Amino acid sequence: MEMDRMDENDWKYHEEGNKSLVVCHVQHCRVLRLLKYPAEDSENPPQTAEQAFRQIQNIVDFTSNVMSRLLGDKFVHSGEVVRLPLEFVRQLSIKIQHQRPAWRCDKVMDIYSGCALCLPNLTTPTQYQPTATPPICIEIKPKWGFLPSSKHVSRDIKTRVCRYCMHQHYKVANGKWKRRSLYCPLDLFSGNRQRMHFAIRHLIEEPQNNFKVFKGGQCIYSSKEGSEGSPDMNALLHHLRPYFLRGNNRVNGHMTAKAVLNDFIQVLVNALLSPAGGDGGPLTHRAPEGRSFCEASLFSNERVRHGSQGLPSSSVLSRILQTQMLDALDIEGLYPLYCRVEQHLQDFPKDRTRLQIDGPYDQNFLENVQKSSMEDDGSVEYAAAKVHQYRIAMTAKDCSIMAALVPSVKEEDDDEGNPGCPLGSCNSGTSGSGPPEPPSCSL
Ligand SMILES: O=P(O)(O)O[C@@H]1[C@@H](OP(=O)(O)O)[C@H](OP(=O)(O)O)[C@H](O)[C@H](OP(=O)(O)O)[C@H]1OP(=O)(O)O
Ligand SMILES: Nc1ncnc2c1ncn2[C@@H]1O[C@H](COP(=O)(O)OP(=O)(O)OP(=O)(O)O)[C@@H](O)[C@H]1O
């Protein structure tokens, strides 16, 4: 990318979250992730350009030296910080403003620093030969996959009902969503194909902030906050049908909507369980110590007892779960340690650097955090290490998986020239274009 030749017309609005806004290039498979600030700060940016640069560089370092090592570098893209011409950023901000969802407009895009994070566009994978049917990318934000077993947890309900399921009641009550989702993360993280199928089915029915489908880089299925109805599942199935034409579940040569949905979920389950290959990072597999079933899940307890195989240790879900479980104390055990660090920094502000509170997230950072003793010796070093571990766990609890399903070139057309079942053949490993792309994490 030539920074002095940036043209806002080459970029379009893609998506946004609470902290950043993402634009994608109209031709190249790149995105720019720009910071967002509260709208009331729009006249006075809360940080200088250099501070914004440092913030984004910290994200890159944290991703490459911490998250990538824990989740596996096959799954994580760190990106790079870029400096953009201010005029380009201003024009871009004006151009995309009308496409932003109203409920996100309490924050504005950073137009002052001229800094952004440049990443590959994970909704349009490039490693495979282009085919007539564009790739499908599914974004899943799985949230917390375990029940806390920390001795510090004061309420028994937290050890029986998962945080996501409890939060659903809160989110419906405060109006963020109109209907409760029946998705339960513990089902998705179970490794049991039936439970995972059940979980994804409910993600599709009520996607909220946890499920999106992109086709050729364009979001074709997601929840709109505050909207009365659910997104149109028939329209989604209409998009998906051409990808599954060679399925077995055809009635009079026609594949039923139910069969398309089942095949789609099946492919997704396979992708989520597929091994990463290569070095997965320094994690040793730790099974959740508490219960692995949430009482709020509608998946029958009886069926759980009759088959729970657990996650393959090198799958993306297993890596995410292991990283989430670095939060071994729960917020109730962590908060007093956080207060210890806060108090210490008030008394000794210079120790902020020694304790690496704001980074740098260099190669030693993770090692130092992992070296921390198991027993609380009352030191600020112990407390700071636990706070760091908690922050790493929180990142894994709020990350998204981008699973790209790429049609195989070889079987795209059958002998009569009819379109084939690209995702099915990808999945069975008979594709001429290599195995399906492993899911990637966008953090
Ligand atoms: O607290 P939660 O579980 O609602 O998660 C928040 C997310 O809500 P969601 O569950 O996706 O609806 C929330 O997402 P949205 O703003 O709803 O898109 C953020 O991701 C928030 O993280 P941060 O404060 O921006 O770092 C998330 O906060 P953290 O819990 O990660 O601090
Ligand atoms: N590299 C990428 N390629 C394609 N799409 C992306 C990429 N990174 C982010 N996105 C899209 O942009 C959305 C917002 O990005 P992201 O989740 O990084 O924002 P955030 O503000 O950090 O989110 P949160 O609300 O969790 O704080 C994602 O949900 C995803 O749909």
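Counting starts at 1 for both ligands and their atoms, in listed order. Only a predicted model underlies this, so the values are computations on that prediction, with no experimental measurement involved.
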K.L.:
Counting each atom of ligand 2 from 1 as listed, which ones have a heavy atom of Leu119 under 4.0 Å away?
P.N.:
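Listed by number with element, the hits are 1 (N).
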K.L.:
Heavy atom of His77 under 4.0 Å from ligand 2?
P.N.:
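No, His77 has no heavy atoms under 4.0 Å from ligand 2.
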K.L.:
Would His388 and Phe365 count as a ring-ring contact (aromatic ring centres under 6.0 Å, His included) if you check the C-alpha gap in whole Å, the side-chain angles of each, and the deciding distance to 0.1 Å?
P.N.:
CA-CA 9 Å; His388 286 315; Phe365 177 82; 4.8 Å; yes
K.L.:
Just by distance, do the side chain of Asp232 and the backbone of Ala235 share a donor-acceptor pair under 3.5 Å?
P.N.:
yes
K.L.:
Kindly identify the option in Lys397, Lys143, Gln168 whose heavy atom sits closest to atom 5 (O) of ligand 1.
P.N.:
Lys143
K.L.:
In plain terms, say whether Arg340 and Glu381 are close enough for a salt bridge, that is, a side-chain N and a carboxylate O under 4.0 Å apart.
P.N.:
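Looking at Arg340 and Glu381, the cut-off is not met.
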K.L.:
On a heavy-atom basis, I'd like to know which of Lys19, Lys141, Glu16 is closest to atom 13 (C) of ligand 1.
P.N.:
Lys141
K.L.:
Closest by any non-hydrogen atom to atom 22 (O) of ligand 1: pick that one out of Asn210, Asp398, Asn209, Asn18.
P.N.:
Asp398
K.L.:
Just going by heavy-atom distances, which of Met394, Lys176, His167, Lys36 is nearest to atom 8 (O) of ligand 1?
P.N.:
Lys176
K.L.:
Within ligand 2, which atoms have a heavy atom of Val22 less than 4.0 Å away?
P.N.:
9 (C), 12 (O), 15 (O)
K.L.:
Counting heavy atoms only, which part of Lys171 comes closer than 4.0 Å to ligand 1: side chain, backbone, both or neither?
P.N.:
side chain
K.L.:
Would you sort out whether His202 and Phe299 count as a ring-ring contact (aromatic ring centres under 6.0 Å, His included), showing the intermediate values?
P.N.:
CA-CA 11 Å; His202 286 300; Phe299 194 89; 9.8 Å; no
K.L.:
So, are Glu50 and Arg83 salt-bridged, with charged N and O less than 4.0 Å apart?
P.N.:
yes
K.L.:
Are Phe189 and Phe146 an aromatic pair, judged by ring center distance below 6.0 Å?
P.N.:
no
K.L.:
Taking both backbone and side-chain atoms of Thr123, is any N or O found less than 3.5 Å from an N or O belonging to ligand 2?
P.N.:
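In fact, backbone or side chain, Thr123 has no N or O that close.
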K.L.:
Heavy atom of Pro120 under 4.0 Å from ligand 2?
P.N.:
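The answer is yes: ligand 2 sits under 4.0 Å from a heavy atom of Pro120.
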K.L.:
Please verify whether a non-hydrogen atom of Met402 lies at under 4.0 Å from ligand 2.
P.N.:
yes
